[in-house]
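Order of the sequence lines sets the chain letters (A, B, ...), proteins ahead of strands, with each chain counted from 1.
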Amino acid sequence: MPELPEVETVRGGLAPVLEGHRLTHVEARRPDLRFPLPLNFVQTLTGATIVSLRRRAKYLLAQTDREDTLVMHLGMSGRFEIARPEGAVRPGQFHYAPDPDPKHAHIVFETEAGARVTYYDPRRFGYMGLVNTATLDLHPWFAGLGPEPLSDDFDAARLKTAFKDRKQGPKTLLLDQRIVAGLGNIYVCEALHRARISPFKAAGRISLPRLKRLVTDIREVLGEAIAAGGSTLKDYAQADGALGYFQHRFRVYDREGTPCSNPGCSGVIARKVQAGRSTFYCPVCQT
DNA sequence: CCCACGACCTGTGGGC
DNA sequence: TGCCCACAGGTCGTGG
């Protein structure tokens with residue numbers, strides 16, 4: 001599933017075709033994704049103009065010129081594809097290439113300009129909803145979210161407070177969206193490896209200088225991934241259909257048995273299940 | 001409050 | 001080739 005950098009990449013891919021564009025056709029091919037779609041989903045969005053497309057944590061926020069913001073979460077396997085018309089059947093009506101994966105094409109948006117944005121999600125862990133824009137921050141999806149890791153609100157002092165007296169490893173706590181919003185399994189593993197911090201060490205016992213290093217490394221790895229256009233795994237493609245390449249730069253994720261890349265370390269990357277998720281790490285230099 | 005675990009849903013890849 | 005199991009980027013609810 002897309003983590004922060006992938007969602008940011010999707011945002012960047014969708015923004016040119018959605019921002020400032022009016023939705024002329026909205027289709028929900030099933031009544032639910034992970035949760036039921038609002039009953040007024042199609043009605044509310046049809047004819048609305050998307051005034052901005054932003055990201056908060058792993059959510060995409062498409063603010064409309066009506067009262068609501070369309071909130072989209074990609075879950076594990078959600079992705080968007082943009083189709084451009086191959087020709088106009090007649091003015092305002094367009095022709096598109098056949099959908100390569102109609103079985104998982106759950107939501108379709110078409111804009112006045114002729115772009116077709118299709119949401120695919122085989123596992124249906126993703127979800128969409130309509131949230132009143134004026135009170136968006138109070139909505140349960142957003143009210144408890146921690147700071148954006150790339151913002152100034154996120155720093156070592158804040159992590160120190162969040163980690164205080166906690167016995168769980170930093171791996172588990174960094175996945176908690178209330179502590180910091182937008183990290184997922186891949187980038188937590190990558191950041192802890194860069195910072196040479198053990199995923200299993202009691203979080204409350206990590207020193208402030210090491211947390212400072214961790215904050216820097218979180219920002220660094222996210223920044224690199226965003227710059228690379230987001231990572232692409234099996235069932236994820238960039239919003240415009242092109243592929244990202246950051247997955248080739250993972251240093252620990254899915255690299256069990258390969259040599260540790262940290263300078264001067266002769267360790268071998270290991271995998272352990274921690275709180276039900278795979279943790280990849282170097283048992284030698286991550287302490 | 002903290003923490004571990006199962007559930008949600010579907011697809012894929014590896015081993016036999 | 002076929003079958004079965006393990007596993008997958010996230011989040012939520014339950015129960016100790």
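- Side chain of A:R66 to main chain of A:T44: a donor-acceptor pair is present (N/O by atom type, distance under 3.5 Å, no hydrogens or angles).
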For residues 158-168 of chain A, which side-chain donor-acceptor pairs fall under 3.5 Å, sequence neighbours excluded?
| from | atom 1 | to | atom 2 | distance (Å) |
| --- | --- | --- | --- | --- |
| A:K160 | NZ | A:I206 | O | 3.0 |
| A:T161 | OG1 | A:A157 | O | 3.1 |

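- In this structure, A:Y59 and A:F142 have tilted ring planes: the angle between them lies in the 30° to 60° band.
- Going from atom CZ of A:R251 over to atom OG1 of A:T258 covers 12.5 Å, rounded to the nearest 0.5 Å.
- The OH-C1' distance, from A:Y127 to C:dT11, rounds to 6 Å in whole Å.
- Applying the 3.5 Å distance criterion, the base of C:dA8 shares no donor-acceptor pair with the side chain of A:R277.
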Atom pairs under 3.5 Å: protein N/O with N/O of nucleotides 3-7 of chain B:
| from | atom 1 | to | atom 2 | distance (Å) |
| --- | --- | --- | --- | --- |
| B:dC3 | OP1 | A:K167 | N | 3.1 |
| B:dC3 | OP1 | A:Q168 | N | 3.4 |
| B:dC3 | OP2 | A:R166 | NE | 2.6 |
| B:dC3 | OP2 | A:R166 | NH2 | 2.6 |
| B:dC3 | OP2 | A:Q168 | NE2 | 2.8 |
| B:dA4 | OP2 | A:Q168 | OE1 | 3.1 |

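- Residue A:D176 contributes atom CG, which lies 13 Å from atom P of C:dG10 at whole-angstrom precision.
- The listed nucleotides are B:dG11, C:dG10, C:dC7; the one nearest the side chain of A:P122 is B:dG11.
- One finds a side-chain N or O of A:R124 lying less than 4.0 angstrom from the OP1 or OP2 phosphate oxygen of B:dT10.
- A stem is defined here as three or more consecutive Watson-Crick or G-U pairs, each with both distances under 3.5 Å; for DNA chain C these stems are B:2-8 with C:10-16, B:10-16 with C:2-8.
- Among C:dG10, C:dC12, B:dG11, the nucleotide with an atom closest to any side-chain atom of A:K103 is B:dG11.
- Within the 4.0 Å cut-off from OP1 or OP2 of C:dT11, at least one side-chain nitrogen or oxygen of A:H73 is found.
- A:R178 comes within 4.0 angstrom of no nucleic acid atom, judged by non-hydrogen atoms across all strands.
- Looking only at distances, no side-chain donor or acceptor of A:E190 sits under 3.5 Å from a matching main-chain atom of A:I186.
- The aromatic rings of A:Y127 and A:H73 sit parallel to each other, their planes meeting at less than 30°, with 60° as the upper class boundary.
- The phosphate of B:dC9 (OP1 or OP2) has no side-chain N or O of A:H104 nearer than 4.0 angstrom.
- Between the side chain of A:R219 and the main chain of A:S151, a donor-acceptor pair closer than 3.5 Å is present.
- Here the nucleotide nearest the side chain of A:M76, chosen from C:dG10, B:dG11, B:dC9, is C:dG10.
- Rounding to whole angstrom units, CE of residue A:M72 and C1' of C:dG10 are separated by 17 Å.
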Determine all donor-acceptor pairs shorter than 3.5 Å in which one atom belongs to a side chain in residues 171-184 of chain A; sequence neighbours excluded.
| from | atom 1 | to | atom 2 | distance (Å) |
| --- | --- | --- | --- | --- |
| A:K171 | NZ | A:N185 | OD1 | 2.7 |
| A:K171 | NZ | A:S278 | O | 3.3 |
| A:K171 | NZ | A:T279 | OG1 | 2.6 |
| A:D176 | OD1 | A:R178 | N | 2.9 |
| A:D176 | OD1 | A:R178 | NE | 3.1 |
| A:D176 | OD2 | A:R178 | NE | 3.4 |
| A:D176 | OD2 | A:R178 | NH2 | 3.0 |
| A:Q177 | OE1 | A:G182 | N | 2.8 |
| A:Q177 | NE2 | A:L175 | O | 3.1 |
| A:Q177 | NE2 | A:L183 | O | 3.0 |

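- Separating the CZ atom of A:R79 from the C1' atom of B:dT10 is a distance of 14 Å, rounded to the nearest angstrom.
- Inter-residue side-chain proximity for A:F109 and A:H21 is flagged as unmet; no heavy-atom pair is nearer than 4.5 Å.
- At distances below 3.5 Å, at least one donor-acceptor pair connects side-chain atoms of A:D217 with backbone N or O atoms of A:A195.
- One interatomic measurement links the two molecules: CD of A:E3 to C1' of C:dG10, which rounds to 9 Å at whole-angstrom precision.
- One atom, CG of A:L174, and another, P of C:dT11, lie 14 Å apart when rounded to the nearest Å.
- What separates CD1 of A:I186 from P of C:dA8 is a distance of 11 Å, to the nearest Å.
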Interface polar pairs with nucleotides 14-16 of chain C, N/O, under 3.5 angstrom:
none

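- Taking 4.0 angstrom as the limit, A:S77 places none of its side-chain polar atoms (N or O) nearer than this to OP1 or OP2 of B:dT10.
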Going through the checks in order, is the ring-ring contact (aromatic ring centres under 6.0 Å, His included) test met by A:F250 and A:F280? CA-CA 11 Å; A:F250 293 154; A:F280 295 90; 9.6 Å; no
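- Of the P atoms belonging to C:dT14 and B:dC9, the separation is 16 Å, rounded to the nearest Å.
- Qualifying salt bridge (charged side-chain N to carboxylate O under 4.0 Å, His left out) partners for A:R205, counting only residues two or more places apart in sequence or in other chains: none.
- Between the side chain of A:D99 and the backbone N or O of A:D101 there is at least one donor-acceptor pair closer than 3.5 Å.
- In this structure, A:L183 places its CG atom 10 Å from P of C:dT11, rounding to the nearest Å.
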